[in-house]
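First up is the structure itself, then whatever we jot down about it.
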Amino acid sequence: MKLQELRATFPSLLWLLVFVAVPTCLIFYIAFKPATSNGGIGAGWSLDAMKALADPHFPAIIARTLWISFVTTALCLLIALPVAWTMARANPQWKQRLLLLVVVPFWTNFLIRVFAWKQILHAEGFLATLLKKLQLIDSNAMLLYQPSTVLLVSIYSFLPFAILPLYAAAEKFDFSLLDAARDLGASRARAIRQVFLPGIRQGLLTAAIVVFIPMLGSYIIPDLVGGKESEMIGNKIAQRNFNDRNLPQAAAISAALTLAVLLPFALRRRRS
Amino acid sequence: MKLQELRATFPSLLWLLVFVAVPTCLIFYIAFKPATSNGGIGAGWSLDAMKALADPHFPAIIARTLWISFVTTALCLLIALPVAWTMARANPQWKQRLLLLVVVPFWTNFLIRVFAWKQILHAEGFLATLLKKLQLIDSNAMLLYQPSTVLLVSIYSFLPFAILPLYAAAEKFDFSLLDAARDLGASRARAIRQVFLPGIRQGLLTAAIVVFIPMLGSYIIPDLVGGKESEMIGNKIAQRNFNDRNLPQAAAISAALTLAVLLPFALRRRRS
Amino acid sequence: MSFLRFENIRKSFGDFRAVDDVTLSIEKGQVFSLLGPSGCGKTTLLRMAAGFEQPDSGRIFLDGIDITTLPPEQRKVNTVFQNYALFPHLNVRENIAFGLKMARHGNDFIRSEVDRMLTLVDLEEQADKRISQISGGQKQRVAIARALVNRPQVLLLDEPLAALDLKLRQRLLVELDAIHDEVGITFLYVTHDQSEAMSISDQIAVMNHGQVQQIGTPNEIYETPRNSFVAAFIGDTNFLTGTVENSLEANTSLARIDDDITIIVENDRPLRAGDPIHLSLRPEKIQLTRSEPPTAPQRNRLTGIIEDAIYYGSHTRYWVRCSSLKLCAEVQHRKFSLEEKAPHWGDTVWIQWQAEDGFLLHSYNAEDESLLTLPEEELIEETP
Amino acid sequence: MSFLRFENIRKSFGDFRAVDDVTLSIEKGQVFSLLGPSGCGKTTLLRMAAGFEQPDSGRIFLDGIDITTLPPEQRKVNTVFQNYALFPHLNVRENIAFGLKMARHGNDFIRSEVDRMLTLVDLEEQADKRISQISGGQKQRVAIARALVNRPQVLLLDEPLAALDLKLRQRLLVELDAIHDEVGITFLYVTHDQSEAMSISDQIAVMNHGQVQQIGTPNEIYETPRNSFVAAFIGDTNFLTGTVENSLEANTSLARIDDDITIIVENDRPLRAGDPIHLSLRPEKIQLTRSEPPTAPQRNRLTGIIEDAIYYGSHTRYWVRCSSLKLCAEVQHRKFSLEEKAPHWGDTVWIQWQAEDGFLLHSYNAEDESLLTLPEEELIEETP
């Protein structure tokens with residue numbers, strides 16, 4: 001029995017080892033190695049990479065990264081909730097179709113989709129021209145290269161990741177509980193707030209993590225559609241990697257970010 | 001009643017419009033526009049971009065892309081199945097933990113993870129050194145820049161996307177059906193093949209799509225860990241974008257790929 | 001004066017007619033049961049009273065006020081759901097307090113009311129437990145307390161005991177009855193179990209195919225079923241089909257059931273020779289003896305052979321073949337009967353019943369025979 | 001010779017002792033029922049017979065062969081699951097054929113066997129339907145056919161009727177009985193419903209807390225319950241607790257139940273003055289009359305007041321208060337009783353029973369009183 005149990009949990013343990021422990025350790029390992037000029041890592045140990053953390057622009061960039069990530073996550077959840085609700089309440093045939101619709105956006109190359117947004121939002125693009133004609137925006141206004149552009153394209157890119165776990169949770173939610181809540185005098189809105197949201201708590205948490213965490217490391221979207229004002233910490237990591245070819249510094253920034261995010265979680269866990 | 005139904009499905013219809021129809025149409029639109037030298041698109045219509053499809057290397061690259069995508073998908077499903085099974089059978093507390101483990105790989109920047117693999121597989125890296133010492137590989141053997149390297153890192157990156165839908169399907173699977181199958185004389189393996197796999201058919205399909213489709217457009221992984229021999233169609237699209245700054249050509253290649261994949265699906269749907 | 005009234009209610013789901021022109025009046029303080037098989041429309045009616053469904057046509061009145069279109073949260077009715085529908089993220093106390101919180105009562109009031117309810121349903125010690133930590137019977141009690149704490153005008157109970165074991169079901173039914181006596185509010189009780197409905201109800205509406213078949217007290221429903229569905233669904237019965245031979249007196253006739261069986265029938269309406277009749281005869285009304293009983297006025301006597309017997313502990317059911325008729329007789333086990341030795345399979349016995357115990361049905365449908373518990377020798381036609 | 005035998009079976013899940021040293025022998029061709037409340041270990045025993053669980057200790061023999069560690073697919077037993085566990089991706093015919101396909105039988109053989117089963121359970125017209133398209137009762141029949149087509153040595157039935165409505169349950173029970181008569185294989189039937197077990201079983205093992213409380217025929221279990229659990233779980237009963245005053249004859253004694261009640265008790269073992277006794281007295285054994293009955297030898301007479309009455313159609317239950325005692329009496333409705341007028345709440349009545357109808361329990365546990373259907377006036381202590 002015990003052996004069989006071990007055999008059953010073995011794939012999960014292997015998963016833990018290969019996909020969590022190894023890369024995390026490796027990044028911390030690399031962060032303390034010297035860089036070589038050809039982009040590799042040298043022998044011995046070095047604290048040189050830690051210097052990357054001393055950049056005076058970093059506090060502002062980190063604050064901006066956290067803010068954009070937070071707003072993207074919040075808006076993704078807000079948009080994803082009614083979609084997940086609709087999917088969970090649909091009949092099985094519609095469920096299949098709606099799930100396909102959530103999956104379909106993957107089908108076009110990510111880069112191409114971002115470039116498509118660039119075309120839509122371009123100063124001479126379709127949308128800007130329309131808005132200018134309707135005099136809804138100034139003729140000098142830029143739709144592109146704004147922090148809000150980064151926000152828009154990020155929400156677009158991460159929405160499926162928010163919808164899938166919310167849908168999974170809503171699917172398992174017992175909707176008769178909402179009948180019960182209304183029967184007991186709750187309005188539709190209160191029933192949703194006091195019964196539905198607590199009921200899909202785990203799904204909300206998963207969705208928030210799945211959006212927030214990769215947003216923290218996001219670099220392609222701010223690079224392509226954001227301006228200087230919307231640079232994120234991910235761009236800094238990518239620069240160290242590609243431009244400076246300094247892997248240890250990139251690893252150090254990444255490790256610091258991981259620690260900054262993981263720490264509050266670990267502390268909360270300890271307390272509860 | 002009708003109005004309420006419409007209101008309920010409205011978010012889904014909006015989703016369809018914004019996230020599927022608009023980008024797809026835009027890409028086909030761009031593919032028929034002339035390129036400008038600054039990387040934008042010009043006025044009027046042009047068939048110039050279609051020339052990109054005439055590259056003599058394309059048939060080989062497309063074949064390789066399909067092959068790597070297929071093998072990655074198959075291996076992802078094979079590895080993900082026992083993990084999803086274990087998660088679905090675990091008690092609720094463990095389910096939470098295991099789900100977290102699947103989500104955690106998102107936490108480290110994707111680029112950094114790929115670079116970490118590069119370090120592991122490097123000719124002077126830890127793994128190569130070990131394998132060489134154990135005389136398991138030739139001293140000239142390269143772990144990096146092989147098609148199999150692209151495969152390895154791709155599986156690593158896409159495994160969570162395969163696990164999540166399989167887990168969602170396995171979670172809803174009634175495991176007492178396996179008891180019933182064995183009661184009726186099926187061995188463990190036959191029960192899994194004849195009852196479990198048909199039972200999670202939708203999950204398998206979703207997992208396959210979610211891995212296969214983005215694999216077709218994959219370019220960062222072959223670019224960073226693959227050699228000349230493992231170039232994929234995604235690299236060609238990225239080259240047109242970043243190096244040639246020719247968006248219409250990139251769009252044309254992407255559109256052609258989308259059509260090539262969607263067509264069999266659409267035909268199968270029509271037939272059934 | 002009717003307190004809760006359904007007037008000409010109709011409701012379809014797609015092509016399925018769930019409720020087909022139902023009119024019902026429920027008096028204040030009653031336990032009123034909707035009884036019928038799955039899909040008969042009883043739950044749909046209850047959900048319309050709660051406000052979860054809207055009728056396609058017809059009106060619902062509560063205490064004289066039209067509540068047909070009122071949303072659930074504005075109706076002074078509360079529901080005990082079949083699956084309990086307790087909130088899993090709240091504990092027992094918080095579940096019971098939910099309705100009072102929604103009504104924005106003060107904390108002190110809420111605490112004292114919840115405590116009162118916890119005492120009523122005997123769950124003081126479970127107050128701080130999670131819903132997943134308590135048993136099925138306890139969940140049922142929480143569901144009742146959660147509804148009653150709001151002092152509804154009507155308590156709606158949707159098969160509240162269906163998910164429980166038989167013994168627990170019996171016990172909770174008694175508790176429910178005691179709670180009704182205590183709080184005195186109107187109960188609308190939905191069930192498919194006739195013994196549940198019989199033992200708790202003041203009035204029962206028997207439903208089938210979305211229509212009310214009969215409304216009456218348990219006694220009326222059982223003793224004077226209008227049609228074959230009611231007779232067969234409420235308890236067990238024997239159907240006797242025949243033709244009137246001639247009238248004996250003002251209220252009795254002679255009827256031919258079979259070529260060689262003639263019985264005396266009591267009729268509540270004038271019958272003429274040649275009229276077809278359908279009689280319902282309850283198994284417990286038939287007396288079974290091993291020796292020939294003396295003749296008596298207004299009494300039917302037949303002799304037959306026991307074909308089947310099922311022992312139920314407190315009673316045994318015998319199926320007696322009398323030429324083409326097969327009648328079920330229920331015999332209670334007690335030491336005061338004249339004959340001590342129980343009859344067995346194959347024995348020749350006499351059966352008798354008073355003419356007034358056979359009840360003449362107003363309508364008869366051969367399909368309803370399938371509701372009877374009848375050992376069928378024809379079930380298996382083929383031997384392996 | 002026992003066909004299926006459990007020997008000293010023990011099984012724990014964590015700290016919970018599901019099965020605690022159970023030994024059972026089931027004869028070939030019998031319908032053997034495991035009867036008890038939820039969590040009594042009956043389903044765990046069945047799952048061990050099927051091979052889904054392994055006992056912690058003990059052995060299981062089938063037809064003389066030790067099958068304790070054999071995997072499920074190698075046992076010649078088949079199971080009808082409580083939730084049916086039909087394969088949703090296969091139609092009715094494919095579900096029934098599954099076992100034969102696994103045994104790699106030829107297509108012609110499979111087709112003819114499945115057709116035979118479809119006829120047996122009367123589902124010829126549903127053969128090509130999906131599982132989701134058929135009703136609960138039909139699913140149940142498919143589950144039975146799917147198990148029987150493999151010609152198992154033992155058919156295991158795990159609460160096969162629990163998910164169905166009462167009337168359907170009664171009907172399918174009769175069908176199941178007919179199928180057993182037809183195929184003649186051994187049935188191991190798990191249920192919590194005593195009337196189901198009583199009517200279908202040759203032998204019943206009553207279980208509680210993982211242990212067998214009593215094994216016997218339905219009649220033995222009902223008439224001579226070993227302890228208070230069996231007496232209260234199988235049907236309803238009255239418990240009388242008192243002390244022996246003195247022995248009258250070899251097999252009767254006088255016992256004091258209360259300060260002012262003395263009754264005659266028939267004893268199957270020697271009793272001495274001062275011995276505590278616990279008596280089980282079935283409600284239907286008590287006769288209730290409005291006038292004082294004549295005295296008779298070996299008969300107990302008491303007078304009391306009716307405190308409660310519940311009408312069940314074929315019978316009524318009366319709760320009669322005789323000083324500190326409260327006794328339940330069941331009266332069948334028929335026209336052959338001496339008094340025509342039914343007693344009501346508050347009436348003074350006489351009750352009597354033969355001494356031999358009270359059965360002396362071997363052991364008594366006050367907790368088992370909670371299994372009785374007793375209207376409790378003490379339930380609600382507080383008025384709102």
Side-chain angles (χ1 to χ4, degrees), chain A residues 77-78 80-82 84-86 88-98 162 165-209 265 268-269 271-272, chain C residues 13-14 43 46-53 70-91 94-105 110 114 117 130-132 139 142-152 154-159 188:
Chain A
L77 291 187
L78 264 178
L81 265 171
W85 171 293
T86 310
R89 299 240 63 178
N91 65 42
Q93 207 185 356
W94 264 99
K95 264 180 198 171
Q96 292 303 334
R97 289 184 203 156
L98 292 172
L166 286 182
Y167 164 69
E171 243 273 308
K172 272 178 265 164
F173 179 75
D174 175 8
F175 281 88
S176 75
L177 293 179
L178 292 177
D179 278 353
R182 298 197 66 192
D183 187 67
L184 294 166
S187 64
R188 211 178 144 81
R190 280 187 96 182
I192 288 171
R193 216 162 54 234
Q194 304 222 347
V195 176
F196 182 65
L197 293 187
I200 60 160
R201 204 174 49 238
Q202 279 304 332
L204 283 168
L205 193 69
T206 307
I209 290 173
F265 273 89
R268 216 199 57 177
R269 229 184 152 74
R271 233 188 303 146
S272 69
Chain C
F13 296 105
T43 296
L46 177 132
R47 289 177 61 81
M48 289 196 280
F52 304 140
E53 306 279 357
L70 221 56
E73 63 268 30
Q74 289 171 34
R75 300 184 184 205
K76 284 196 72 65
V77 300
N78 287 110
T79 309
V80 176
F81 294 85
Q82 183 172 1
N83 63 353
Y84 317 129
L86 300 176
F87 305 123
H89 63 290
L90 302 178
N91 66 21
E94 291 162 343
N95 261 281
I96 299 175
F98 192 90
L100 299 174
K101 281 223 177 92
M102 289 303 117
R104 302 185 197 278
H105 282 293
I110 292 178
V114 171
M117 277 298 144
R130 309 229 120 240
I131 296 305
S132 58
K139 282 181 193 163
V142 176
I144 292 169
R146 187 180 68 170
L148 282 178
V149 77
N150 307 293
R151 301 176 185 267
V154 179
L155 184 68
L156 309 171
L157 299 113
D158 183 11
E159 304 247 14
L188 179 60

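Chain naming here is simple, since letters A, B, ... match the order of the sequence lines and numbering starts at 1 in each.
- Between C:V80 and C:L148 the shortest side-chain heavy-atom distance does not fall below 4.5 Å.
- For the set C:R104, C:Q74, C:K101, the count of heavy-atom pairs under 4.5 angstrom toward chain A peaks at C:R104.
- Heavy-atom distances place both the backbone and the side chain of A:R182 under 4.5 Å from chain C.
- Between C:R47 and C:D158, none of the side-chain N atoms (NZ, or NE/NH1/NH2) sits under 4.0 Å from a carboxylate O, so this pair counts as no salt bridge.
- Geometric assessment of C:R146 against the ring of C:F98 yields a negative cation-pi assignment under the 6.0 Å and 45° thresholds.
- With a 4.5 Å cut-off on non-hydrogen atoms, C:N150 touches chain A through its side chain but not through its backbone.
- C:N95 places a side-chain N or O within donor-acceptor distance of the main-chain N or O of C:L90, the cut-off being under 3.5 Å.
- Only the side chain of A:D174 comes within contact range of chain C, with at least one heavy atom under 4.5 Å from a heavy atom of that chain.
- For a residue to count as touching a neighbouring chain, one of its non-hydrogen atoms must lie under 4.5 Å from one of that chain's; by this rule A:A181 touches chain C with backbone and side chain alike.
- For A:Y167 and A:W85, the gap between ring centers reaches or exceeds 6.0 Å.
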